[in-house]
Structures are given as structure tokens and as C-alpha cells.
Asker: 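Structure provided below as C-alpha cells; questions to follow.
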Amino acid sequence: MLDHELVNQTLSVAMSTGGEFAEVFVEDKRSSSALLDDGRVEELTSGRDRGAGIRVVVGGSTGFAHTADLSESGLTSAARAAAAAARGAGQPGATIEVSAAQESRGNGVLIAPEDVAKATKVELLTVADAAARAEGGAISQVSVRYGDSRRRILVANSDGLLAEDDQVRTLFSVSCVATGDTGMQTGRESVGRTIGFELFDQTDVGEMAQQAARRAITKLSARPAPSGAMTVVVGPGGGGVLFHEACGHGLEADLVAKSASVFANRIGDQVASPLVTLIDDGTMAGEWGHFGIDDEGQPAGQNVLIEDGVLTDYMWDRLRARNESRTSSGNGRRQSYQHLPMVRMTNTYIGEGTDDPAEIVASTESGVYVAQLGGGQVNTATGDFVFGMTEAYLIENGEITAPIREGNLIGNGPEVLMGIDALGDDFAMGHPGMCGKDGQGVPVGDGTPTLRVKSLTVGGTAA
Amino acid sequence: MARAEIGEQIEVCVERVRRTEVRVHGGEVESLTEAESHGVGVRVVIDGREGTSNCGSFDSELVDALLCDARDNAGFASPDDRAGIAHPDGHPVTERARPGPGFSATSSAKKFDLALAVERQALDLDRRVRGVRAAVYGDQQVERAVVTSSGIDAEVSSARGALSTSVLINDIDGGTRTGYAAHAGFDPSDLDPEKVATLSVQRGLQLLGATSIASGRLPVVFPPRIAASLIGLVGSMLSGERVVKGRTPFGGRLGVAVADSALTLFDDPTDQRSITTSELDGEGLACRVVPLIGSGMLEGYLHDTKSARGLGVTGTGSAIRTARSSPSPGYRSLHVAAGLGDLESLIADVDDGLLILTLQGLHSGVNQVSGDFSAGVEGIRIRGGALAEPVREATLAGSIPRMLLDIARVGADVEYLPGGSSVPSMTMGAMAIGGSDPR
């Protein structure tokens, strides 16, 4: 992507004011998307981003600059700006020699989206639109989105590292509005994987559309959600967001280092029910949060964070790992070359349990069954988190009964983790998500089997 | 424009953004980002078919490919008689002083000092403050030009900066409470570290000893910044695009009482006290005052060219966009007209209720189509018109249309907020509160 001599030269300039560490991150990203809305194909767009971000670290301070100009002069001036920003106090740096690039790993993509005709992509939209509308006259609006991206990155640093990756992601989503006597309700279904257009050999977009339409129609007869503390059963694949918020963010080493996490200084402690084993795994091929190397050049890792309820480790990026004299866990990620990397999750999941999912519901006297979770948010310092439920039902006398309207659930991370009292044997990955932190979004995956939390506060409107 | 062909409409948007971000922690600068980014977007409409393309660079190799890509994309779009770029509408532009060089002319060292001062002052204010998650200085200078084959040639620039922090405070039970505050300004000299430090610490201290609450229905009081979040949802739901596509409960309700008569709401980007003020919208048309709700009556929606055509009405100059994204209608500077009294008097008016201090998870808990919303909240119980015990881990839920009809009071304490809206304190009639306390 960039001539190695130019990489060496840029790093040398970056280190010239006495930096302890310098890094060049080059990105070339192409994306295309199409939207079918209100019965019309609209917003066909293609985008291109190309540039480099350069950072220089001195002591606890990082200087960062980026440029869309990949010429020698563009890179040199960005390197100077980053070096000046880090206010280097050390000795002028030595010449940098990056090693030969690590053998480029194939990304396993079978059908590159850029090789697929736009007409073929548009055809998927119309198939989904027709399938959703065929679910009945209650469906008043359908919106179908297709998106793909190819992101090539190169990372080189003053430790001599040089690594490249080629990341292809494909996404498809259907949102429906159903209209009835009770007003309007929505239903959604999405699939996203770190693979190419072969996604549609594995996925039937018509079935996805039916699913989204049925969710919207079902919700027309939904009653208001209850409010107050109750037992909550989360369906397979649905609970990932819960763990993402309840403890995922709190296990990010940058927040831990600032004592801005309730999980700081708790390695070796029982922080969750013994049923819980939590793993963050960037190596899961094809999953939405998968990559070959992270945005600091570290190969993706498989990291056990909680084992049988005991906290075993945090997630690390290069900077935080360096401070603790250990290696990065492959969790250094950034939204684009215009952003500094920080500790981020990849694919975060709970290992399978042994309970029969049907038995978990049957043994629940009353509560809420959440089939699909929406987004969430956490205050890592207090551990209080919320997440939305987008498809949920009441549990009455051990049976799933009436659908309920959406709403948020609120809980405290450490309390909820200890309160997990059943874990099913039906593991599934959830929906593709974008995780936001300090204004940067990155794709993340998650997964869980069916699970039950003894008590969570449901934020509904029913008394 | 030289390349526009007959029967083709073209819009080109070019943008340059310069930004600085300083993050400090533990008395040291953790990071300094100084960056300039570029964007170019091309939109082509041929026979009612729209195609777009964009790139993040002024590199001629990338820019040259855009028009061709956009034309190609248009070929796959469905014809839509609403599609089309804006035409000059002759609406007078409210002149605004061009932003001064304040942010560019200020040294990095001075910006460090502002962020460091926030952290230091927060720590000095109260010994229970054990640190900050981060203290952040940020500024952003945007220059954007929109040129169209229909004769629009518009240029707009803005500059703004902000200080913010989230403080960590030791609670009596060994836990932690947090307090967040932000302050925005048009020049570095407007930014007040003491204000940010004081507010964030106050907000955290107010929650010390907080516990959950029993579920029930209570009147709620929103201080201006919380009221602004909910009014922002109302603003989003009044997007003309949502109306055209049947995705808002406010569709088809012009002239109907949608709120208590105490509420008058309009969008006013021409108000230069708003941090998001602008003289031109994303399609290059003049920004103007857009009446939305007048004494409870629905008066209008926010439109860009396309949504206005869809409803057969005049545009409102409300297109929001970046060079990299297509325009869509939205609000810039929502304003709620002042009512009577301040926050204290609103609280004094409530016998048994809840003052809301933080909202969490609005992005996941709101359905703008159905109007239902649900959020995590922290606050202070109001008993007999006075503040009582602090509350956390509770939920607030309701329906936006219902909430507007149930507005009990609108205060006179209109506050210009860092998000650009100017909103007073408000009291809502009974809303559903969820909590884990047994009844």
C-alpha cells in the first residue's frame, strides 16, 4: 500500500524530536451502499477514503496527526505535526528500519463485492421489499439497506513492525413499519459478516424480510411493557449486548487504568455466576467483529476474560499493554485513519451452558422473555447500564405469552453478572452491531445461549 | 458544473474540517490530535433518478472518479418525482459575522491549560472527587461550499469549541458516582474551565447515597439540559422526510393540538446565541425560523427540497448534511419559548415527584415511529415541593406524543446548551418510573 522506504522515512521523521514510539497507520477504504425505501431504490452511493494517521508517544503523552495526502511531503508534514504534538523530550531518534511485511494473510473472501454488478445488489433489495410486503396489508413501510466495504490497512511502527490486512464486510438489513388501530410499530432484521458477497449464498433475504415484517405485525397487538424489577430470560444470540454493556466495556484496560471501571483491581475475584465464561475473540472467521490484525498491527486474539465466573484478564491495546510490560491482546482498534486507536471489543460471547432452553422458560414463574435486544449504554465507573429490548414477551406461569412493547432494561453490571442463574445449551451469535466509544464506532459481534437473570429493572409503562 | 450534461442536475459539496482534541488525565496531556480532513460529495439527478458518490480527499485521482460513479449509481435508482437538487428560493440570508481566527490562533499549550484546569479545579473542589475519566478540550472549524447546476453557489463556515469532563466521586457505600458537564463557545476565550469543573462535581455530589425507587407513576421535572434531549426527539420526529414516509405519529396532524398550550417550539438557526447557528443549510439555502408547535398546535415540519416536494409545500431550509452524506431534513437550533418561573419554582410546585438529572440509553430506548420511549435515569425525589433523597438505577418510560400533551409547566429559565438548542426547565404530568425497590 505504501513503499517501505517511505514508511521508514516517515517513522524517522516522527521519531526525530525524541519520541519513544511512533506508528504509521495507512488505510484505503472503499464502500458502497444502496437503500430501497418507500418502494423506490434510492441513495445508491459509493465512497472512498484513503489516508494515514501518525502517532508519536513520549512518556504518557501521545501526539497524533492525520493526512489524506500519501505523498512524501504529505506524510512528512503529518509526521512532523504528530512529533511536535508529543513535545518530545528525549534524544533525537535513530533511523527506523521496518522488517519485511508479515506474510499477507488471505482474507478468505470468495466473491469480492466490488466484482458484483450493482444490478445484482439492487435485485436483493427488491426481493426483500416484495417479501416483506407480502406479509400483509398491515405492512405500511419497508426500508431495505445493502452495504459493503473493503478496508485495506498497513501498520508500521518504530519497533520494526510492518503488517497489512484486507478486511471485507457485507451487511444487509430490513426495517418494516406495520400500521394498525393501535398506531405504528416497527420490526427489524439484519445480518452482517466479515465476508464478501457469498453472504447471500448463506442468507435468504426474503426470509429476513418476512421475519422483520412479522416482528412489526406482532408488536401491533403488544401490550405496554411492565415496569419494575423482574426475572428476565434472554433468547439465544440475544444476550450479547447485555454482556457487552454489563462488563465488556468495564474490562477495557484504558478505563481500568483510570479506575473508571467497577472491575478495576478485581483480577482473580468471583465477579459473575460460576456459569459464566466470557471470551473476546477477534479470530472468529467471518464474524462481524473479525479481523486479521488489529489497527495497531497485533494479530487478532482469543482472550478469556471471565472463566467460571472468575475475572481472569482485561482487554489491552499496545499503549496500555506497554505500561504494564505485557503484550497487547489484539484489541487496539480505531474507526479510521483519522482516529487514535483505543481498547475495543471484537466478538464477545458467553460459552454454552448445559440447561435445556425450554426448561429455563418453564421454570420461570413470571417475568419477561427478550427475543431480540437493541443497543445499550453503560457508565463503566458505576457499572449501571441500560439496553433496549426490541422483541419481547411476558412469561406467565412458565410460558411465553403476550408480546410487549419495546423499552429499556436497567441493571448494575456486577449485580447482574452474579444474578445469572441459568445458561442454555443453544449458543448462537447475535446481530451485527456498531459499538461507540468516545465518538468512534467500530463493528462488533456478540453471542450467547439462552440465559436467565434473576432480577433486572424493566422500564415499561404498565403499572 | 462545466461537466453537467443536458437533462442532468448536479450538486457538488466540498468540505474542509480542521479539528483539535486534547485529552488530559492525572495532570498530564494524554493525547493531542491535530487534524484536517477533506470531503467531496457529488449528487446527480437524471430523469428523477438520483445517484451519489463521495470521497475523503481532494486528491484529483479520487475526485475525478466521483461524477462518473454518481452517474453510474443513478442508473440503478428508481425514478422519483421528488428527487432533485435545490433551486435558489430568494429567501434572505441572515448575515452572520464570519468566525474569527480564535481557534487557529490559539497555541496548543493554551488548549492544554484549559483542559488541565478543568481536571485540577474539579479535584480541588471536593475531596471526594477521586479523579476524572477524562477532561477534554475540542474545537472544530468547518468550511463547506455547495455548488449546483441550478445556480446555487454557497459557502458557509463555522468554528466552535468545547470543554467537557466526567468526574469520578467516591460514594459513601464505597461505590462511585459520576458527574458530567460540557460547555461550548465560538472562541477559546468563551470556554470556562471553572464552570465545567463546578457543574460536573455538583452533578456527581447530588447523587451521593442514591438508591433505587419503587415503580409507579410520578410527575417529573426536567432541568433544561434534560428537557433539551427530549425536545430533540420531538424535533427528529417532525422531520418532513418521516412525514412523507409515514414514519412519525405527528404525520398529518397540522393544525391539531399535539401539546399542552404551554409549549411553543421552533427551530431558529438564525439565533446567533445558539452554538449551531448557521446562515445556510446543507443545500445552500438560507436558514430561517421554522415554526413547529405554537401554543400546543402543530404548525409545521422541517423540510429539505425533497421532502417539501413530497408534501407539496415550500422548503424550510432545513437540510442537514456533510459533504460525505446526502442531505436530509433536520433541526439545527431548537428553541422552546420561555414560560414562567425557574427550576426551583417548578420543583416547589410538585408534591411528590422526581427531578431527572441524567438520561441513559435514549438511542436504544426510543422508537420514533411509534413514539414510545424508555430511558435509564438518575435523579432526586421531590417530596412536598422540596428535594429529598437521590435515586439511581431507575427507568423513565412513556410516549412522546402523550408526554407533550401532559406538559404541566414550562419554565422561563431558557438555557443555551452545548448541543445548540435553547430550552427551559419543564414539568411533565405523571410518567411511568421503574425501579427495583419493593413497593
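The sequence lines fix the lettering, A, B, ..., with proteins before strands; numbering per chain opens at 1. Only this structure's heavy atoms are used, side chains among them; waters, hydrogens and symmetry mates stay out.
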Asker: Under 4.5 Å heavy-atom distance to chain B, tell me which part of A:Leu125 shows up: side chain, backbone, both or neither.
Answerer: neither
Asker: From B:Leu62 CG over to A:Arg50 CZ, what is the distance, rounded to the nearest 0.5 angstrom?
Answerer: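 Here the interatomic distance stands at 5.0 Å.
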Asker: Tell me, side chain or backbone of A:Val142 under 4.5 Å from chain B's heavy atoms, or both, or neither?
Answerer: backbone
Asker: Among A:Val386, A:Thr380, A:Leu70, which residue has the highest count of heavy-atom pairs closer than 4.5 Å to chain B?
Answerer: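 Between A:Val386, A:Thr380, A:Leu70, the count favours A:Val386.
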Asker: With respect to chain B, which residue among A:Gly407, A:Gly388, A:Gly376, A:Ser32 yields the maximal number of heavy-atom pairs within a distance under 4.5 Å?
Answerer: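 Of the candidates given, the most pairs with chain B belong to A:Gly376.
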Asker: Distance from A:Asn379 atom CG to B:Glu378 atom CD, nearest 0.5 Å?
Answerer: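 Those atoms lie 7.0 Å apart.
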Asker: For the side chain of A:Thr457 and the backbone of B:Gly434, is there at least one donor-acceptor N/O pair under 3.5 Å apart?
Answerer: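 Not confirmed, A:Thr457 side chain does not pair with B:Gly434 backbone.
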Asker: On a heavy-atom basis, which atom in B:Ser370 and which in A:Gln185 lie closest, and how many Å separate them?
Answerer: CB-NE2, 3.9 Å
Asker: Would you mind checking which part of B:Lys306 comes under 4.5 Å of any heavy atom in chain A, side chain (CB onward), backbone (N, CA, C, O), both or neither?
Answerer: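 Looking at B:Lys306, just its side chain touches chain A.
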Asker: How many angstroms lie between atom CG of A:Asn408 and atom OG1 of B:Thr395, to the nearest 0.5 angstrom?
Answerer: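 If I round to the nearest 0.5 Å, the distance is 8.0 Å.
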Asker: Might you point out which heavy atoms bring A:Val41 and B:Phe76 nearest each other, and give the distance in Å?
Answerer: CG1-O, 3.6 Å
Asker: Who among B:Arg177, B:Glu30, B:Glu34 has the most heavy-atom pairs with chain A under 4.5 Å?
Answerer: B:Glu30
Asker: Look at B:Arg130, B:His38, B:Glu28 and state which one has the largest set of heavy-atom pairs under 4.5 Å with chain A.
Answerer: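 Top option by heavy-atom pairs under 4.5 Å: B:Arg130.
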Asker: Of all the heavy-atom pairs spanning B:Thr178 and A:Ala381, show the shortest one and how long it is.
Answerer: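 So the minimum-distance heavy-atom pair works out to CG2-CB, 3.5 Å.
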Asker: Taking side chain as C-beta onward, heavy atoms only, is A:Thr382 less than 4.5 Å from B:Arg392?
Answerer: no
Asker: Atom OG in B:Ser374, atom CG in A:Leu409: separation rounded to 0.5 Å?
Answerer: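 Taking OG in B:Ser374 and CG in A:Leu409, the distance rounds to 7.5 Å.
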Asker: Check each atom of B:Arg402 against the heavy atoms of chain A and say whether the ones under 4.5 Å are side chain, backbone, both or neither.
Answerer: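 B:Arg402 has no heavy atom closer than 4.5 Å to chain A.
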Asker: So, are A:Lys118 and B:Asp69 salt-bridged, with charged N and O less than 4.0 Å apart?
Answerer: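 The answer is no: the pair does not qualify as a salt bridge.
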Asker: Can you tell which part of A:Ser71 gets under 4.5 Å to a heavy atom of chain B, answering side chain, backbone, both or neither?
Answerer: neither
Asker: Against chain B, label A:Glu415 side chain, backbone, both or neither, depending on which of its atoms sit under 4.5 Å from a heavy atom there.
Answerer: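 Only the side chain of A:Glu415 comes within 4.5 Å of chain B.
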Asker: Return the NZ to OG distance between A:Lys258 and B:Ser166, rounded to the nearest 0.5 Å.
Answerer: 10.0 Å
Asker: For a quick check under 3.5 Å, do A:Thr45 and B:Thr52 share a side-chain donor-acceptor pair by atom type?
Answerer: yes
Asker: Looking at A:Gln338, A:His339, A:Arg55, which makes the most heavy-atom pairs under 4.5 Å with chain B?
Answerer: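 Ranked by contacts with chain B, first place is A:Gln338.
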Asker: Picking from A:Arg405, A:Arg30, A:Lys29, which has the most non-hydrogen pairs under 4.5 angstrom with chain B?
Answerer: A:Arg405
Asker: Using a 4.5 Å cut-off on heavy atoms from C-beta on, say whether the side chain of A:Asp438 contacts that of B:Arg133.
Answerer: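 Side-chain contact under 4.5 Å: yes.
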Asker: Between OG1 of B:Thr33 and NE2 of A:His66, what distance do you get to the nearest 0.5 Å?
Answerer: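 Between B:Thr33 OG1 and A:His66 NE2, I get 7.5 Å after rounding to 0.5 Å.
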Asker: Counting only heavy atoms closer than 4.5 Å, note whether A:Thr186 contacts chain B via side chain, backbone, both or neither.
Answerer: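 Contact with chain B is through both the backbone and side chain of A:Thr186.
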Asker: May I ask you to name which of B:Leu362, B:Val366, B:Thr176 has the most heavy-atom pairs under 4.5 Å with chain A?
Answerer: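 Option with the top pair count is B:Thr176.
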Asker: Side chain, backbone, both or neither: which part of A:Val458 has a non-hydrogen atom closer than 4.5 Å to chain B?
Answerer: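 For A:Val458, backbone heavy atoms alone lie under 4.5 Å from chain B.
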Asker: At under 4.5 Å between heavy atoms, what parts of residues 15-24 of chain B are in contact with chain A? List them by residue number.
Answerer: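 The stretch touches chain A at B:Arg19, B:Arg23.
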Asker: So which part of B:Asp171 gets closer than 4.5 Å to some heavy atom of chain A, the side chain, the backbone, both or neither?
Answerer: neither
Asker: Non-hydrogen atoms of chain B under 4.5 Å away: do they reach the side chain of A:Asp69, the backbone, both or neither?
Answerer: neither
Asker: Of the listed residues (B:Gly56, B:Gly376, B:Gly361, B:Ser108), which shares the most heavy-atom pairs with chain A below a 4.5 Å separation?
Answerer: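 The residue among B:Gly56, B:Gly376, B:Gly361, B:Ser108 with the greatest pair count is B:Gly361.
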Asker: So which residue, A:Ala81, A:Ala119, A:Gly39, A:Gly59, ends up with the most heavy-atom pairs under 4.5 Å with chain B?
Answerer: A:Ala119
Asker: How close do A:Ser46 and B:Asn73 get, counting heavy atoms only, and between which atoms?
Answerer: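 Taking A:Ser46 first and B:Asn73 second, the nearest heavy atoms are OG-ND2, 3.0 Å.
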Asker: Between B:Arg247 and A:Asp37, does any NZ, NE, NH1 or NH2 come within less than 4.0 Å of an OD or OE carboxylate oxygen?
Answerer: yes
Asker: If you count heavy-atom pairs within less than 4.5 Å of chain B, which of A:Gly183, A:Ala78, A:Gly60, A:Gly374 leads?
Answerer: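 The residue among A:Gly183, A:Ala78, A:Gly60, A:Gly374 with the greatest pair count is A:Gly60.
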Asker: For B:Asp80, is it the side chain, the backbone, both or neither that has a heavy atom under 4.5 Å from a heavy atom of chain A?
Answerer: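 B:Asp80 touches chain A through backbone and side-chain heavy atoms alike.
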Asker: Side chain, backbone, both or neither: which part of A:Arg40 has an atom under 4.5 Å from a heavy atom of chain B?
Answerer: both
Asker: Could you tell me which non-hydrogen atom of A:Thr461 sits nearest to which non-hydrogen atom of B:Arg217, and how far apart they are?
Answerer: O-NH1, 3.7 Å
Asker: Please report the shortest heavy-atom distance between A:Asp384 and B:Gln360, naming the atom on each side.
Answerer: O-NE2, 3.3 Å
Asker: Would you mind checking which part of B:Ala65 comes under 4.5 Å of any heavy atom in chain A, side chain (CB onward), backbone (N, CA, C, O), both or neither?
Answerer: neither
Asker: Against chain A, label B:Arg324 side chain, backbone, both or neither, depending on which of its atoms sit under 4.5 Å from a heavy atom there.
Answerer: side chain
Asker: Can you say whether A:Ser259 sits under 4.5 Å from chain B via the side chain, the backbone, both, or neither, judging by heavy atoms?
Answerer: both
Asker: Which bit of B:Gln368 comes within less than 4.5 Å of chain A, counting heavy atoms only: side chain, backbone, both or neither?
Answerer: neither
Asker: Select one option (side chain, backbone, both, neither) describing which atoms of B:Ile433 are under 4.5 Å from chain A's heavy atoms.
Answerer: backbone
